[in-house]
Number of protein chains: 2
Amino acid sequence: MPPFDMGRVRDKGAAAETTPCGACPVRTLTVCAALEADEVRRLADIVQMQRMEGNQTIFAEGDQADALFNVTSGTVKLYKLLPDGRRQITGFLVTGDFLGLAMNESYAYSAETVTPTSLCRFPRRKMEALLDEFPKMQRRLFSMASNELAAAQDQMLLLGRKTAREKICSFLLMLSQRQSRRGHKENPVYVPMSRADIADYLGLTTETVSRTFTQLKTSQAISLQEGNRIQIADMDGIYDMAEGV
Amino acid sequence: MPPFDMGRVRDKGAAAETTPCGACPVRTLTVCAALEADEVRRLADIVQMQRMEGNQTIFAEGDQADALFNVTSGTVKLYKLLPDGRRQITGFLVTGDFLGLAMNESYAYSAETVTPTSLCRFPRRKMEALLDEFPKMQRRLFSMASNELAAAQDQMLLLGRKTAREKICSFLLMLSQRQSRRGHKENPVYVPMSRADIADYLGLTTETVSRTFTQLKTSQAISLQEGNRIQIADMDGIYDMAEGV
DNA sequence: CGTCTCGTTGAGTCCGCTCAATTTTGGTGG
DNA sequence: CCACCAAAATTGAGCGGACTCAACGAGACG
């Protein structure tokens, strides 16, 4: 056992922690991709690596927003709560995603890890100073925010107008497309989150999520595999069902 | 009748069209607020004023995105459609709001006027060139995108987890707060959009919207006034109902 | 005055929810 | 390696809130 174990022991890419950004394996996926070598070094000066287990709170809605994050591995969920405990998950972040786009002085949502996760932590003030220096980075961040906004609108369409089956199919396709954009195969789809998380993301209950998976399984459209993976057998069918065709 | 009637006749602030930006009455509300006088002049060089009646299409989802807009008066709705015609309105824009935050090469949603509307139209390429020149403006736009993102998350909570009554109450409060932020009274609330638009914004049907208004009216929480105005009689009660308390 | 659109109201249905009971999974210790 | 337990997922039964379908009323407009 090492003298300190902030979780680094299980990180195969631990080199990233000693040379924080230059050797970062996910740099091309994220904000940092916009930067030159010397700019990356400036970023490395202010960044702190952070590793967390699953189901840990990163920050809570209303907390003073004094840091931004970049997810370098793992999955994170963002959510908002109603006073009586009803929860809406507004997004799942994966490797390369930026955490902290929507915030003023305080965070507008809570963030929790789903799986064990590595984060780059940027103190907010220093980050803002850096943004003023590097318009390219600012631009990149703006473009990411634009994409987020477009995704948010898709999600509104889903929540407001789609049936349970359409929601589940859309969800599977979203995960599939996301992992293929990240350079993985589109199939099988890795689904690390619980039924409860899926339900709170899609505006359903865990029972309905479960029943809908069963239906899709029975109709041979998908098959559940080990390790939280789902094989989409009938990709075209799922596509059509996602839009109600 | 004037020789040309692109709608200007009904615009009391028609001066804005002759000195496009310098004299713009809503400049402090929007992107342009970030700019110096000489920068505003540069912006004025590329802007076109545009006036439209109600229920006109500004652009459609999938159209090539070659312009951005600023709403200088009136109300605009943004929406997405499913193949079978189901519609989700993702937002209502009013005076000072920026139109075109979420887009790549093509628009991610359709935009239609609700009431007669004035727009500043910015050709996209020229706008992008200007953004590179004026980081302040870029920054302002980023900050607006952040706010939009936070609002989108609130809307997801509403769509995914709130009941019909909670949705209607939240909607009224949103309109009330928006108009008080614009310097108007918080009450009565101006509601220019149809029941169908409200329904498609809240993920309900027109019948349910109508029934819920009737309930709130019956319970003395609100009263409908002439001119599409709604008086919130029990502001605290509506607040509580908006969050299910 | 007739027509058309929009909003309201009523009656009945259904999809997804609630409540409850199993079954399965994954982690722990013997 | 297996037994045990708690947590998660699945399945069942019945209910209810919002939907569908339909009728009716109220303005707006020609």
Side-chain angles (χ1 to χ4, degrees), chain A residues 10 53-55 77 82 84-89 112 114-116 158-172 191-219 222-230 241 244, chain B residues 53-55 77 82 84-89 112 114-116 158-171 191-219 222-230 241 244:
Chain A
R10 43 167 79 207
E53 296 305 309
N55 284 306
K77 63 190 174 200
L82 286 171
D84 62 4
R86 279 174 288 172
R87 182 178 69 149
Q88 179 66 41
I89 292 185
E112 270 182 32
V114 174
T115 62
L158 178 146
L159 290 170
R161 289 301 179 211
K162 290 191 179 180
T163 64
R165 199 176 64 167
E166 289 162 6
K167 286 176 177 182
I168 293 286
C169 291
S170 301
F171 177 64
L172 288 175
V191 186
M193 59 290 284
S194 70
R195 295 290 182 262
D197 283 349
I198 297 173
D200 283 347
Y201 181 60
L202 300 177
L204 299 170
T205 57
T206 59
E207 293 93 330
T208 299
V209 170
S210 186
R211 276 187 251 271
T212 307
F213 274 131
T214 303
Q215 279 172 33
L216 292 174
K217 209 168 46 181
T218 305
S219 68
I222 65 171
S223 62
L224 306 190
Q225 301 184 340
E226 60 178 13
N228 297 321
R229 268 159 233 280
I230 296 183
M241 281 192 272
Chain B
E53 295 305 309
N55 284 305
K77 63 190 173 199
L82 286 171
D84 63 4
R86 279 174 288 171
R87 183 178 67 150
Q88 179 66 41
I89 292 184
E112 269 182 34
V114 174
T115 62
L158 178 146
L159 290 169
R161 289 301 180 211
K162 290 189 180 182
T163 65
R165 200 175 64 167
E166 289 161 4
K167 286 176 177 181
I168 294 285
C169 292
S170 300
F171 176 65
V191 186
M193 57 292 284
S194 70
R195 295 290 183 262
D197 283 349
I198 297 173
D200 283 348
Y201 181 61
L202 300 178
L204 299 170
T205 58
T206 60
E207 294 93 330
T208 300
V209 171
S210 187
R211 276 187 251 271
T212 307
F213 274 131
T214 303
Q215 278 172 33
L216 292 174
K217 209 168 45 181
T218 306
S219 69
I222 65 170
S223 61
L224 306 191
Q225 302 185 338
E226 60 179 14
N228 296 322
R229 268 159 232 282
I230 297 182
M241 280 192 272

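Chain identifiers are assigned alphabetically (A, B, ...) following the order of the sequence lines, protein sequences preceding nucleic acid strands; residue numbering begins at 1 within each chain.
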Interatomic distance where [atom1] belongs to [X] and [atom2] belongs to [N] [whole Å]:
X        : N      : atom1 : atom2 : result
B:Gln215 : D:dG17 : CD    : C1'   : 11 Å
A:Leu159 : C:dG16 : CG    : P     : 13 Å
A:Asp200 : C:dC17 : CG    : P     : 11 Å
B:Arg87  : D:dC19 : CZ    : C1'   : 17 Å
A:Leu204 : D:dT10 : CG    : C1'   : 16 Å
B:Asp197 : C:dT5  : CG    : P     : 16 Å

*B:Gln215 and B:Ile168, any side-chain heavy atoms less than 4.5 Å apart*: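 Result no, sub-4.5 Å side-chain heavy-atom pair not found.
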*For A:Asp197, which of A:Ile89, A:Val209, A:Leu202 qualifies under side-chain contact (heavy atoms from CB on, under 4.5 Å)?*
A:Ile89
*asked:* Run A:Ile230 and A:Leu216 through side-chain contact (heavy atoms from CB on, under 4.5 Å) and show every step you take.
replied: CA-CA 11 Å; A:Ile230 296 183; A:Leu216 292 174; over 6 Å; no
*What is the minimum heavy-atom distance between A:Leu158 and A:Ser170, and which atoms define it?*
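Minimum heavy-atom contact is CD1-CB, 3.6 Å.
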*asked:* Checking the side chain of B:Arg161 only, and the main-chain atoms of A:Arg86 only, is there a donor and an acceptor separated by less than 3.5 Å?
replied: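 Judged by distance alone, no pair lies under 3.5 Å.
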*asked:* I'd like to compare against my own output: the B/S/- annotation of nucleotides 7-13 of chain C with a strict under-4.0 Å heavy-atom distance to protein.
replied: SBBBB--
*Distance, nearest 0.5 Å, that separates NZ of B:Lys77 from CD of B:Glu112*: 5.0 Å
*Residues in ring-ring contact (aromatic ring centres under 6.0 Å, His included) with B:Tyr201, at least two apart?*
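In terms of ring-ring contact (aromatic ring centres under 6.0 Å, His included), with neighbours along the sequence ignored, B:Tyr201 is linked to B:Phe92, B:Phe171.
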Write out a two-atom table: protein N or O, nucleotide N or O from nucleotides 23-28 of chain C, distance below 3.5 Å.
none

